[in-house]
*Asks:* 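Have a look at this one before I ask anything.
Quick note on labels: first sequence line is chain A, next is B, and so on, each numbered from 1. Only a predicted model underlies this, so the values are computations on that prediction, with no experimental measurement involved.
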Number of protein chains: 2
Amino acid sequence: MLTIGQLASYAGVTIRAVRHYHQIGLLREPERDPSGYRSYDAAAVVRLIRIRTLAEAGVPLARVSELLDAAPETFAAATTEIDQRLRTQIRELQEHRRRIARLGCSDSLAVPAEVVDYLDRLRAIGAPAALVDNERDAWILMAARWPQVIPELMADKVAQLANPKVVELYQLIGRIADDWTDDERLREIADLMSELFEQAAASGELDRQDEFIPDTAFVHLMDSFANAVHPAVARLRELVAERGWTGWTRIERSGP
Amino acid sequence: MLTIGQLASYAGVTIRAVRHYHQIGLLREPERDPSGYRSYDAAAVVRLIRIRTLAEAGVPLARVSELLDAAPETFAAATTEIDQRLRTQIRELQEHRRRIARLGCSDSLAVPAEVVDYLDRLRAIGAPAALVDNERDAWILMAARWPQVIPELMADKVAQLANPKVVELYQLIGRIADDWTDDERLREIADLMSELFEQAAASGELDRQDEFIPDTAFVHLMDSFANAVHPAVARLRELVAERGWTGWTRIERSGP
DNA sequence: CTTGACCTTGACGCAGCGTCAACCCTGCAT
DNA sequence: ATGCAGGGTTGACGCTGCGTCAAGGTCAAG
């Protein structure tokens with residue numbers, strides 16, 4: 001007769017595992033000797049070895065007893081199914097590896113490649129870092145909500161950068177990045193924006209907005225990013241509103 | 001401002017996950033509105049999206065915050081390490097698949113191929129099923145304890161079967177399988193065994209046993225299998241002992 | 001008698017949430 | 001005013017397969 005330690009060692013498992021198998025009813029609790037020790041026979045060793053064999057092959061413990069005394073066909077069916085499960089898990093992990101490889105760096109985390117490219121161009125023409133970070137976050141949001149429109153939107157935005165007026169706008173903003181209190185400059189920016197909106201309206205660009213972002217609540221959320229850049233953005237929006245335009249993420253004509 | 005449901009839906013995670021992230025300190029608890037509802041801003045959505053991106057790439061939650069604001073080199077180092085972990089897991093699962101594929105059927109579970117072959121031959125010469133099952137269990141035990149000696153041992157056992165006396169022995173046993181009470185036949189069997197042991201001793205076979213099974217406690221364990229086949233085995237051992245042999249798994253001369 | 005190596009039960013911990021339970025808030029239709 | 005549906009709130013257990021204390025009792029040897 002064997003103690004639990006001998007049993008475990010013969011079967012090549014830990015004592016804790018044996019007790020666990022008792023707990024879940026996978027291995028029958030044996031008789032106890034007068035001192036309360038469990039006392040095992042050779043058959044228990046064999047059963048335990050077979051349990052271990054299945055467990056090490058990735059069979060869930062809950063299914064081990066079912067397999068231990070299964071007819072050959074049942075056994076084959078079960079193993080095939082378990083193998084399928086294993087394949088699925090492997091595929092999931094491989095998908096994880098693929099994603100890991102494409103994470104990039106912490107800065108561009110969750111930012112689509114097209115957006116990364118656009119942000120680089122923004123930086124290149126002198127847009128301030130705070131604004132670029134803000135754009136990045138906004139596009140992260142957008143990409144999560146409507147991933148499929150990102151390529152087209154980004155193509156548009158990059159095209160806009162070919163407009164010298166747009167470049168000028170970002171440079172103006174860059175110049176006030178340290179000091180947002182100069183109302184004169186804010187008004188200059190508002191004028192330029194108004195002009196650009198006028199162009200956009202003329203080219204029909206503004207009408208295309210609605211296709212991309214049909215969700216009003218979402219537009220408000222995007223707006224809130226801009227507002228968070230600096231308190232003076234509120235003033236800027238005021239000035240732009242005076243010139244007949246409302247909104248920010250989505251622009252609409254409201255006045256003359 | 002967003003409720004937890006809106007936040008979760010924008011970020012593409014479940015509400016429960018958001019609360020979990022709060023609990024483990026991955027996402028800051030936001031302000032509450034007068035009714036006690038959590039109230040999120042756009043920045044929370046972005047952070048949550050980045051968390052999800054990492055989590056979906058298989059990054060453990062415990063390491064996500066570390067990665068979220070890591071310098072590029074730190075980030076790269078961490079992802080490489082996590083990728084290593086993923087590869088290890090994949091290899092483990094693939095090992096599981098390999099084992100699953102070689103399980104065979106429930107009957108031959110944990111039985112080495114050489115043993116399966118030997119058992120088939122035993123059955124072929126007319127050994128009773130109970131005896132074969134018993135042999136199988138004994139060899140399972142042996143294979144778990146000393147896997148490397150199995151091929152050699154099995155080669156020996158198969159070679160023994162070429163001896164007509166051995167075949168006769170198993171057939172004799174087969175004939176009493178239904179009725180173990182015939183002492184006459186038991187004595188016949190004991191005579192035959194004694195004769196075989198004599199042959200084995202003469203050929204030096206008995207001396208080689210000790211190399212294979214040096215563990216006395218283990219030998220007793222193996223013996224206990226034989227005893228479990230039928231009570232009459234005890235009688236048989238008695239008869240064999242009268243003829244000058246002790247032991248079962250390991251045989252030793254004890255008399256004339 | 002002590003020591004060390006075993007054995008006993010009981011319970012928490014892990015990873016990442018899913019899933020009740022039991023109760024409160026809010027807005028809309030009746 | 002009321003009822004109902006569809007939000008929200010905390011709290012707690014469940015899953016997998018054991019590892020790892022904790023706080024003891026037992027056994028063989030020196």
Side-chain angles (χ1 to χ4, degrees), chain A residues 1-27 29-40 44 48 50-67 82 85-86 88-89 92-93 95-96 99 217, chain B residues 1-27 29-40 44 48 50-67 82 85-86 88-89 92-93 95-96 99 217:
Chain A
M1 287 307 178
L2 308 170
T3 68
I4 197 173
Q6 295 168 321
L7 168 76
S9 129
Y10 279 136
V13 305
T14 66
I15 293 178
R16 184 64 183 88
V18 175
R19 288 206 264 250
H20 184 58
Y21 298 157
H22 285 320
Q23 232 177 346
I24 64 177
L26 198 49
L27 193 63
E29 280 272 5
E31 306 293 303
R32 306 298 182 109
D33 72 9
S35 67
Y37 287 14
R38 292 177 180 83
S39 175
Y40 298 91
L48 187 50
R50 309 184 90 171
I51 291 172
R52 191 196 64 169
T53 305
L54 290 173
E56 283 180 348
V59 176
L61 292 187
R63 308 205 51 186
V64 165
S65 58
E66 160 200 343
L67 280 187
I82 290 164
R85 244 184 5 91
L86 289 175
T88 309
Q89 286 183 39
E92 280 167 7
L93 288 180
E95 173 64 20
H96 282 173
R99 283 169 188 264
Chain B
M1 288 306 177
L2 308 170
T3 68
I4 197 171
Q6 295 167 322
L7 168 76
S9 127
Y10 279 137
V13 304
T14 67
I15 293 178
R16 183 67 183 84
V18 175
R19 288 206 263 250
H20 183 60
Y21 298 157
H22 285 321
Q23 234 179 342
I24 63 176
L26 199 47
L27 193 63
E29 279 272 6
E31 306 291 303
R32 306 299 182 107
D33 74 6
S35 68
Y37 287 15
R38 292 179 179 81
S39 175
Y40 299 90
L48 188 49
R50 310 185 89 172
I51 290 171
R52 189 196 66 169
T53 305
L54 289 172
E56 283 179 347
V59 177
L61 293 187
R63 307 205 52 185
V64 164
S65 57
E66 161 200 342
L67 280 187
I82 290 163
R85 244 185 4 94
L86 290 174
T88 308
Q89 286 183 38
E92 280 168 8
L93 289 180
E95 173 63 20
H96 283 173
R99 284 168 187 264

*Asks:* To the nearest Å, give me how far apart CD (B:Glu29) and P (D:dT9) are.
*Replies:*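 Result: 9 Å.
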
*Asks:* Assess the residue pair A:Leu67 and A:Val64 against the criterion (side-chain contact (heavy atoms from CB on, under 4.5 Å)); give the C-alpha distance rounded to whole Å, side-chain angles, the decisive distance to 0.1 Å, and a yes or no.
*Replies:* CA-CA 5 Å; A:Leu67 280 187; A:Val64 165; 5.8 Å; no

*Asks:* Can you find a donor-acceptor N/O pair under 3.5 angstrom joining the side chain of A:Arg19 to the base of C:dT9?
*Replies:*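 Looking at the base of C:dT9, it does not pair with any donor or acceptor on the side chain of A:Arg19 (distance under 3.5 Å).
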
*Asks:* Strictly below 4.0 Å: does A:Thr3 bring a side-chain N or O up to OP1 or OP2 of C:dC6?
*Replies:*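 No, A:Thr3 has no side-chain N/O under 4.0 Å of OP1/OP2 on C:dC6.
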
*Asks:* Please tell me which of the listed nucleotides, D:dG8, C:dA11, D:dG25, lies nearest to the side chain of A:Arg16?
*Replies:*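 Per side-chain heavy atoms of A:Arg16, the pick is C:dA11.
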
*Asks:* Once you apply a heavy-atom cut-off of 4.0 Å, does B:Ile15 come out as touching a base, just sugar-phosphate, or nothing?
*Replies:*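 Touches sugar-phosphate only.
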
*Asks:* Quickly work out the B:Met1 CE to D:dG7 P distance and round it to whole Å.
*Replies:*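 Value for this atom pair: 21 Å.
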
*Asks:* Starting at CD1 of B:Ile51 and ending at P of C:dG16, how long is that distance when rounded to a whole Å?
*Replies:*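 Those two atoms, CD1 and P, are 12 Å apart.
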
*Asks:* Which residue, B:Ser35 or A:Asp33, contacts DNA chain D at a nucleotide closer to its 5' end, judged by nearest heavy atom?
*Replies:*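 Upstream on the strand: B:Ser35.
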
*Asks:* Please check this pair: side chain of A:Arg52 against backbone of A:Val13, looking for a donor-acceptor N/O pair closer than 3.5 Å.
*Replies:*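 No; zero donor-acceptor contacts below 3.5 Å.
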
*Asks:* In whole Å, what is the span from the CG atom of A:Leu54 to the C1' atom of D:dG17?
*Replies:*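 Computing the A:Leu54:CG to D:dG17:C1' distance gives 15 Å.
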
*Asks:* Nearest whole angstrom, please: distance from the C1' of D:dT9 to the CD of B:Glu31.
*Replies:*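 Rounded to the whole Å, the gap is 17 Å.
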
*Asks:* Base, sugar-phosphate alone, or nothing: which one does B:Ile24 contact when heavy atoms must sit under 4.0 Å apart?
*Replies:*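 Answer is nothing: B:Ile24 stays at 4.0 Å or more from every strand.
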
*Asks:* Taking atom OG1 of B:Thr14 and atom CZ of B:Arg19, what is their separation to the nearest 0.5 Å?
*Replies:*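 Reported value, rounded in 0.5 Å steps: 9.0 Å.
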
*Asks:* CD1 of A:Ile4 to CZ of A:Arg16: how many Å apart, nearest 0.5 Å?
*Replies:*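 Rounded to the nearest 0.5 Å, the CD1-CZ separation comes out at 9.5 Å.
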
*Asks:* In whole angstrom, give the distance that lies between atom CZ of B:Arg63 and atom C1' of C:dC14.
*Replies:*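 Rounded to the whole Å, the gap is 17 Å.
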
*Asks:* To the nearest Å, how far apart are B:Ile4 CD1 and C:dC17 C1'?
*Replies:*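 Rounded to the whole Å, the gap is 13 Å.
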
*Asks:* Between the base of D:dG25 and the side chain of A:Tyr37, is one N or O donor paired with an acceptor at under 3.5 angstrom?
*Replies:*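 Donor-acceptor pair under 3.5 Å: yes.
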
*Asks:* Given atom NE2 of A:His20 and atom P of D:dT20, what is their separation to the nearest angstrom?
*Replies:*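 Distance, rounded to whole Å: 15 Å.
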
*Asks:* Side-chain contact, heavy-atom cut-off 4.5 Å: A:His22 with A:Arg38?
*Replies:*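 Result yes, sub-4.5 Å side-chain heavy-atom pair found.
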
*Asks:* Over all strands shown, is B:Arg32 touching base, sugar-phosphate only, or nothing at heavy-atom distances under 4.0 angstrom?
*Replies:*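 B:Arg32: backbone/sugar contact only, no base atoms under 4.0 Å.
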
